[in-house]
Amino acid sequence: MSKEITSRASDYSQWYNDLVIKGSLADYSAVRGCMVIKPYGYALWENMRDVLDRMFKETGHQNAYFPLFVPKSLFEAEEKNAEGFAKECAVVTHYRLKSDPDHKGKLIVDPEARLEEELVVRPTSEAIIWNTYKGWIQSYRDLPLLINQWANVVRWEMRTRLFLRTAEFLWQEGHTAHATSQEAQQETLQMLKVYATFVEEYMALPVIRGVKSESERFAGAVDTYCIEALMQDGKALQAGTSHFLGQNFAKAFDVKFSDRDNKLDYVWATSWGVSTRLIGALVMAHSDDEGLVLPPRIAPLQVVIIPIYKGAEKKDLLDARARDLASRLKTAGVRVKFDDNDNARPGWKFAEYELKGVPLRLAMGLRDLENNTAELARRDTREKTNVSMEGLVERIVQLLEEIQQNMFNKALIFRDEHISRADTWSDFERLLDEKTGFISAHWDGTAQTEEAIKEKTKATIRCIPLDNVPEQGACILTGKPSSQRVLFARAY
RNA sequence: CGGGAUGUAGCGCAGCCCGGUAGCGCACUUCGUUCGGGACGAAGGGGUCGCAAGUUCGAAUCUUGUCAUCCCGACCA
């Protein structure tokens with residue numbers, strides 16, 4: 001009908017775009033590569049943000065806000081980091097427009113108003129933050145410094161996709177300073193764990209925790225840890241990263257502290273972030289050909305109640321019962337909507353809320369009024385059951401949890417079925433093409449081999465899993481000795 | 001950034017080749033009948049045809065430029 005969705009089988013990319021646009025998560029904008037996040041999509045982000053923000057605060061972090069602009073001289077201070085981002089930086093060069101003398105009503109950049117020093121629009125905030133930390137840290141008593149910021153960043157991407165890769169996106173970036181290397185490394189792993197917990201328990205998406213190979217490492221980091229998730233098309237998606245920065249930024253920005261013995265040393269740093277890209281992961285991991293499927297814990301709307309009536313007959317009774325149920329659900333902490341919009345037929349509403357991924361739908365008609373029942377439909381399994389109004393609130397609360405669990409289990413089974421071991425190159429290529437997903441294989445540890453594999457297959461090393469067991473073997477490509485398997489996949 | 005495609009009412013499209021002042025379906029408004037899986041009838045409203053130049057008596061239609069989106073590639077923590 002009016003909101004037909006492309007099926008996953010016919011065109012996975014188009015299916016994804018259809019869900020994002022027709023599910024009202026986002027819209028294209030007049031700016032290349034930038035999207036508008038619509039209220040429904042933003043509500044989803046707000047729910048994710050609120051949970052994460054609570055988790056950050058529980059682990060001792062405070063929020064702050066740093067500027068959007070970074071003077072170029074600061075930006076280039078940490079060389080590796082600067083080089084890594086240089087190609088995708090937006091740069092502010094002027095601070096004024098003026099009327100175009102040749103075209104009435106048009107504006108031109110005022111050539112007189114060139115900035116003495118160009119400003120880089122932050123692709124990430126290490127530079128401006130470490131420049132600031134220099135003034136905040138003198139002694140070990142100022143450490144650890146545990147700060148997070150919710151912000152937008154800009155990376156001038158050549159090819160963009162809604163939520164997955166846009167020129168501007170929303171994220172949080174944690175930036176911490178510590179007195180010892182060990183403490184900073186603990187922080188790095190702690191935040192990785194926070195991310196894994198959030199993604200698994202709230203987004204119902206199983207992740208693999210691991211460490212990146214050198215070529216996939218964050219520019220300026222000593223170690224980059226990540227959580228990797230698997231999408232329904234068998235491609236991997238990096239869902240979050242946490243970096244141990246060593247003393248790289250402290251040295252670049254001269255951030256020293258006096259220890260207990262009054263000896264000066266550079267501080268140890270971490271940074272970590274997740275972005276609106278998580279919404280893309282959520283969509284691609286759980287949804288089906290009917291639309292979005294959202295996990296109850298972060299769904300903007302958990303239950304929708306749809307009345308079914310004939311004329312005005314007993315409509316008041318029906319409304320009263322629905323409103324009463326809605327109010328009791330709200331009291332129980334459930335995000336519920338009673339959709340008594342008279343413009344749409346029930347069938348239309350059913351399809352609409354399925355498209356939007358609302359976990360539970362409750363239909364109540366005159367029959368139900370007589371029988372003291374309602375029709376309950378699950379979005380995840382598309383099961384419909386007739387239920388009694390007795391104890392319905394408790395049943396719904398319990399069912400929402402069940403849906404959350406079911407979604408995670410389903411994704412977990414899919415993910416585990418898509419981790420394959422390959423011991424020969426032909427198996428490696430075949431599994432990658434035919435089975436897709438993660439391929440666990442030996443690698444000789446060199447960037448050259450990694451690059452060669454990428455060129456041949458488009459697969460990259462997603463991570464070296466943290467729970468890896470050492471195992472002697474031969475590199476899948478070169479046959480050179482290897483001490484452990486790593487996970488390869490084609491990725492977003 | 002290279003190759004291909006698209007842009008006409010909120011959405012989906014026709015009209016363009018062959019220039020003559022814009023149409024269809026859905027949605028929207030009003031009224032009535034309806035309502036357990038995307039209702040039906042009647043009467044209405046809504047578009048400087050992505051934007052800008054140019055050709056022409058006249059441009060949605062032809063030419064050039066530009067912007068955005070999609071697909072493929074290159075690129076990408």
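Keep in mind that the numbers below use all heavy atoms, side chains included, and drop hydrogens, waters and symmetry copies. Residue numbering restarts at 1 for every chain, and letters A, B, ... go by the order of the sequence lines.
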Nucleotide of G73(B), C35(B), G36(B) approaching Glu375(A) most closely (side-chain heavy atoms): G36(B)

Rounded distance in Å between the C1' positions of C62(B) and G3(B): 25 Å

Touch class at under 4.0 angstrom, heavy-atom based, for Lys80(A) against every strand present: nothing

C57(B) to C51(B) separation - C1' atoms, rounded to the nearest Å: 25 Å

Pairwise P distance for G54(B) and A59(B), with rounding to whole Å: 12 Å

Interatomic distance where NZ belongs to Lys38(A) and C1' belongs to C11(B) [whole Å]: 11 Å

For Lys337(A), side-chain hydrogen bond (donor to acceptor under 3.5 Å, both in side chains) partners two or more places apart: Tyr353(A)

Same-atom distance (C1') from A14(B) to C76(B), integer angstrom: 41 Å

Distance below 4.0 Å between Asn386(A) side-chain N/O and G36(B) OP1 or OP2: no

Residue pairs passing the side-chain hydrogen bond (donor to acceptor under 3.5 Å, both in side chains) test where at least one lies in residues 144-154 of chain A, sequence neighbours excluded: Asp53(A)-Trp150(A), Asn63(A)-Asn148(A), Arg122(A)-Asn152(A), Ser125(A)-Gln149(A), Asn148(A)-Gln172(A), Gln149(A)-Glu173(A), Asn152(A)-Glu168(A)

Just the table, please: protein N/O against nucleotides 64-68 of chain B N/O, every pair under 3.5 Å.
| residue | atom | partner | partner atom | Å |
| --- | --- | --- | --- | --- |
| A68(B) | OP1 | Arg32(A) | N | 3.4 |
| A68(B) | OP2 | Arg32(A) | NE | 3.4 |
| A68(B) | OP2 | Arg32(A) | NH2 | 3.0 |

Inter- and intrachain pairs under salt bridge (Lys or Arg N to Asp or Glu O under 4.0 Å), touching residues 216-233 of chain A, at least two apart: Lys212(A)-Glu228(A), Glu216(A)-Arg462(A), Glu228(A)-Arg462(A)

Centroid-centroid under 6.0 Å between Phe56(A) and Trp272(A) rings: yes

Closest-nucleotide ordering on RNA chain B, the 5'-leading residue of Asp368(A) and Asn343(A): Asn343(A)

Any N/O pairs under 3.5 Å between the protein and nucleotides 4-7 of chain B? List them or say none.
none

Sugar-phosphate, base or nothing in reach of Arg277(A), heavy atoms under 4.0 Å: nothing

Rounded distance in Å between the C1' positions of G4(B) and C40(B): 44 Å

Sugar-phosphate, base or nothing in reach of Thr124(A), heavy atoms under 4.0 Å: nothing

Asn341(A) CG - A39(B) P separation (whole Å): 13 Å

Nucleotide of G36(B), G73(B), G37(B) approaching Arg367(A) most closely (side-chain heavy atoms): G36(B)

Separation of the P atoms in C13(B) and C71(B), to the nearest angstrom: 15 Å

Sugar-phosphate only, base, or nothing, as touched by Lys212(A) at under 4.0 Å among non-hydrogen atoms: nothing

Under-3.5 Å donor-acceptor pair between Glu354(A) side chain and G37(B) base: yes

Sugar-phosphate only, base, or nothing, as touched by Arg345(A) at under 4.0 Å among non-hydrogen atoms: base

Touch class at under 4.0 angstrom, heavy-atom based, for Asn17(A) against every strand present: sugar-phosphate

G37(B) base / Lys384(A) side chain donor-acceptor hit below 3.5 Å: yes

Within residues 157-172 of chain A, residues whose heavy atoms come under 4.0 Å of RNA chain B: Met158(A), Arg159(A), Arg165(A), Trp171(A)

Phosphate contact (C76(B) OP1 or OP2) by Lys87(A) side-chain N/O below 4.0 Å: yes

CA sep, side-chain torsions, deciding dist, call: Phe488(A), Phe428(A), ring-ring contact (aromatic ring centres under 6.0 Å, His included): CA-CA 9 Å; Phe488(A) 288 89; Phe428(A) 184 83; 5.1 Å; yes

